[in-house]
A.B. asks: 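Dumping the structure here so I can ask a few things about it.
Residues: numbered from 1 along the sequence shown. Side chains are part of it too, since the values below use all heavy atoms of this structure and drop only hydrogens, waters and symmetry mates.
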Amino acid sequence: MILIEHINKSFGAQQVLKDIRLEIPSGQVLGLLGPNGAGKSTLMKILIGLWKADSGKVQVPERIGYLPENNPLYDEMYVTEYLQFMAGLTHANEDIDALIDRVGLVPERHKHIRELSKGYRQRVGLAQALLGNPELLILDEPTTGLDPNQLVEIRSLIRDLGKERTVILSTHIMQEVREMCDRVVILDHGEIKADEFIDKITDLEQLFHEVTQ
């Protein structure tokens, strides 16, 4: 269970999160949907402990995997070398070969990261986030910049990962929420405007526009 209680966060005079309250059970894929500047990335960084909330508290699992939006990688390293290096930094006792197979990187494993397409770079980022078998996987705009074929593949991979752990993903693309998520939370101007199960929503676009007017 992930518990978020009365989280507030400001940067100077701008309040970017306002009394955020959520309970997310284990094994759920939750989509954080909202326009740019809604507070999605800020909430994620608080959940992983990168930033501290001004008030409120969070209860999260000990093992968390995180894929940031810009997916920073060491371009000069080989795929396998990079994952082995990151596993060493985190002291993860990991079967790197199995992880590479899990995320569909086998054909690219002996390439430099700089040689990879955006889709395969995202797979490397996902593999890194999965080091240590995290109970919670947090993905910030995981499909930004992918072509249509890469989108289908990465969405399918994320759906599969959600069968084994809790996933929170941030996006501004409604189709992604419909295809990958069990539940959607719509954020706008730092506030939760809607919190619904996907199968209970007849028209996500209409709901989004109604609550973000």
Side-chain angles (χ1 to χ4, degrees), residues 1-2 24-32 40-41 44-51 58 60-171 173 176 179-182:
M1 170 70 74
I2 296 158
I24 309 168
S26 300
Q28 188 173 85
V29 180
L30 177 93
L32 285 178
K40 305 185 299 294
S41 294
M44 289 184 157
K45 288 174 181 176
I46 289 172
L47 291 178
I48 66 170
L50 186 62
W51 290 346
V58 297
V60 294
E62 183 178 337
R63 301 193 309 275
I64 301 175
Y66 176 53
L67 176 64
E69 182 178 2
N70 59 355
N71 188 15
L73 301 168
Y74 292 124
D75 284 355
E76 71 279 5
M77 299 182 80
Y78 295 99
V79 170
T80 301
E81 176 191 20
Y82 173 74
L83 293 173
Q84 289 171 337
F85 172 70
M86 297 306 295
L89 288 180
T90 58
H91 307 290
N93 184 18
E94 199 76 38
D95 184 341
I96 298 299
D97 290 338
L99 183 59
I100 284 173
D101 182 60
R102 180 73 183 84
V103 301
L105 276 169
V106 172
E108 313 296 317
R109 62 178 303 160
H110 298 302
K111 290 184 179 179
H112 284 106
I113 290 174
R114 65 170 176 264
E115 300 177 84
L116 301 181
S117 68
K118 179 69 186 291
Y120 278 116
R121 290 173 66 91
Q122 287 298 85
R123 290 173 190 262
V124 175
L126 280 169
Q128 178 188 331
L130 290 169
L131 289 170
N133 192 27
E135 301 163 78
L136 170 61
L137 188 60
I138 296 180
L139 311 174
D140 194 355
E141 302 282 356
T143 63
T144 298
L146 301 186
D147 67 33
N149 289 333
Q150 294 169 340
L151 277 174
V152 171
E153 293 169 355
I154 292 295
R155 287 173 181 170
S156 177
L157 176 57
I158 291 171
R159 277 197 305 271
D160 286 344
L161 294 173
K163 297 174 183 176
E164 306 163 3
R165 57 185 51 81
T166 304
V167 177
I168 301 175
L169 68 93
S170 163
T171 184
I173 303 171
E176 290 194 347
E179 292 187 7
M180 290 190 286
C181 300
D182 305 308

A.B. asks: Under the salt bridge (charged side-chain N to carboxylate O under 4.0 Å, His left out) test, which residues partner Glu108, sequence neighbours left out?
C.D. replies: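 Testing Glu108 for salt bridge (charged side-chain N to carboxylate O under 4.0 Å, His left out), a comparison that skips the adjacent residues, returns Lys111.
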
A.B. asks: Do side-chain atoms of Asp75 reach the backbone of Ile113 as a donor and acceptor pair under 3.5 angstrom?
C.D. replies: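 A pair under 3.5 Å: no.
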
A.B. asks: For Glu81, what residues pass the salt bridge (charged side-chain N to carboxylate O under 4.0 Å, His left out) criterion, not counting sequence neighbours?
C.D. replies: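 Result, salt bridge (charged side-chain N to carboxylate O under 4.0 Å, His left out) vs Glu81: none returned.
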
A.B. asks: Can you name the nearest heavy-atom pair linking Ile2 to Pro61, along with the distance?
C.D. replies: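 Minimum heavy-atom separation between Ile2 and Pro61: CG1-CD, 3.9 Å.
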
A.B. asks: Partners of Val152 by side chain to side chain contact (heavy atoms under 4.5 Å, CB included), sequence neighbours excluded?
C.D. replies: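 Val152 satisfies side chain to side chain contact (heavy atoms under 4.5 Å, CB included) with no other residue.
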
A.B. asks: Taking side chain to side chain contact (heavy atoms under 4.5 Å, CB included) as the definition, give me every residue that meets it alongside Ser117, ordered by chain and number, with sequence neighbours left out.
C.D. replies: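 Scan of Ser117 (side chain to side chain contact (heavy atoms under 4.5 Å, CB included), adjacent residues dropped) gives Tyr120, Gln150.
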
A.B. asks: Can you give me every donor-acceptor pair (side chain of residues 67-74, partner residue at least two apart or in another chain, under 3.5 Å) with its distance?
C.D. replies:
| from | atom 1 | to | atom 2 | distance (Å) |
| --- | --- | --- | --- | --- |
| Asn71 | ND2 | Arg121 | O | 3.0 |
| Asn71 | ND2 | Gln122 | OE1 | 2.8 |

A.B. asks: Considering residues at least two apart in sequence or located in another chain, which fulfil the side-chain hydrogen bond (donor to acceptor under 3.5 Å, both in side chains) criterion with Glu141?
C.D. replies: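 With neighbours one apart ignored, the set is His172.
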
A.B. asks: Mind checking salt bridge (charged side-chain N to carboxylate O under 4.0 Å, His left out) for Asp160 and listing every partner two or more places apart, or none if nothing turns up?
C.D. replies: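 For Asp160, the residues satisfying salt bridge (charged side-chain N to carboxylate O under 4.0 Å, His left out) (neighbours in sequence not counted) are Lys163.
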
A.B. asks: Side chain of Glu115, backbone of His112: donor and acceptor closer than 3.5 Å?
C.D. replies: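 Looks like yes, one N/O pair under 3.5 Å.
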
A.B. asks: Are the side chain of Glu94 and the backbone N or O of Gly132 linked by a donor-acceptor pair below 3.5 Å?
C.D. replies: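 A pair under 3.5 Å: yes.
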
A.B. asks: So, using side chain to side chain contact (heavy atoms under 4.5 Å, CB included) as the criterion, who are the partners of Asp95 when residues are at least two apart?
C.D. replies: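 For Asp95, the residues satisfying side chain to side chain contact (heavy atoms under 4.5 Å, CB included) (neighbours in sequence not counted) are Asp97, Ala98.
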
A.B. asks: For Leu50, give me all partners under side chain to side chain contact (heavy atoms under 4.5 Å, CB included), at least two apart in sequence or on another chain.
C.D. replies: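 Lys45, Ile48.
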
A.B. asks: Which residue pairs pass the side-chain hydrogen bond (donor to acceptor under 3.5 Å, both in side chains) test with at least one member in residues 123-140, sequence neighbours excluded?
C.D. replies: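 Sorted pair list: Ser41-Asp140, Tyr82-Gln128, Arg123-Glu153, Asn133-Arg165, Asp140-Ser170.
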
A.B. asks: Among residues at least two apart in sequence or on other chains, which ones pass side-chain hydrogen bond (donor to acceptor under 3.5 Å, both in side chains) with Thr166?
C.D. replies: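 Thr166 satisfies side-chain hydrogen bond (donor to acceptor under 3.5 Å, both in side chains) with no other residue.
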
